[in-house]
Amino acid sequence: MERWVQSCRRELLDRCLLWNERHLRHALREYEQFYNRHRAHQALLQAAPLRPVPDPIIDSGRIADLTIRRRDRLGGVLHEYSHAA
């Protein structure tokens with residue numbers, strides 16, 4: 001739990017100006033989803049807790065044409081990256 005609180009503080013709360021309790025709850029809900037579904041975790045071999053590690057891309061042609069999408073969350077404080085299909 002201490003690790004989660006430290007991550008939340010460092011990655012979210014130190015970068016946001018929160019206006020009220022409702023805004024805080026919204027930010028924490030967004031961070032929780034980000035943390036569990038998109039943020040890479042070293043202990044899980046760079047996977048997120050609720051998402052398996054993607055298969056490696058070994059074909060050099062696919063690597064050269066790889067398109068990455070970035071989705072900003074919470075006004076750009078958090079970033080999610082995914083392969084564009």
Side-chain angles (χ1 to χ4, degrees):
M1 191 63 190
E2 287 180 25
R3 234 181 236 178
W4 189 90
V5 170
Q6 289 174 357
S7 296
C8 181
R9 181 176 178 190
R10 192 173 41 255
E11 296 174 14
L12 174 68
L13 300 176
D14 287 350
R15 298 177 183 190
C16 290
L17 177 61
L18 299 167
W19 297 100
N20 54 32
E21 183 179 348
R22 181 174 174 231
H23 189 211
L24 172 64
R25 288 179 183 274
H26 171 72
L28 289 174
R29 196 170 26 258
E30 285 285 320
Y31 183 75
E32 178 187 12
Q33 291 175 2
F34 171 76
Y35 187 88
N36 288 323
R37 295 188 180 131
H38 297 282
R39 183 180 178 273
H41 294 260
Q42 288 181 343
L44 299 175
L45 302 174
Q46 300 306 340
L50 299 178
R51 179 180 47 98
V53 177
D55 294 327
I57 299 172
I58 53 176
D59 179 24
S60 60
R62 283 190 62 206
I63 292 173
D65 294 330
L66 190 63
T67 304
I68 303 294
R69 282 192 206 155
R70 183 176 104 174
R71 177 179 171 221
D72 292 339
R73 293 180 82 162
L74 289 174
V77 174
L78 304 173
H79 308 291
E80 293 176 0
Y81 297 92
S82 62
H83 298 272

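These numbers were taken from a predicted model, which means no experiment stands behind them.
When the shell of 6.0 Å around CD1 of Ile58 is examined, it contains 12 or fewer heavy atoms from other residues, nucleotides or ligands.
Rounded to the nearest 0.5 angstrom, Leu24 CG and Leu12 CG are separated by 8.5 Å. Distance CG/Asp14 to SG/Cys8: 9.5 Å, rounded to 0.5 Å. Rounding to the nearest 0.5 Å gives a distance of 9.5 Å between SG of Cys16 and CG of Leu28. Distance check, rounded to the nearest 0.5 Å: CG of Asn36 to CH2 of Trp4 gives 9.0 Å.
Across all non-hydrogen atoms, the minimal contact from Phe34 to His79 is CE1-O, 3.2 Å. Heavy atoms only, all atoms of each residue included: His23 and Asn20 are closest at N-OD1, 2.8 Å.
With respect to Glu11 and Arg15, no salt bridge is recorded, no charged nitrogen being found less than 4.0 Å from a carboxylate O.
Following chains of ILVMFWY side-chain contacts shorter than 4.5 Å, one cannot reach Tyr31 starting from Trp19, and the two form parts of different hydrophobic clusters.
Screening Arg70, Arg71, Arg69 for a salt bridge (Lys or Arg N to Asp or Glu O under 4.0 Å) involving Glu80 leaves a single residue, Arg71.
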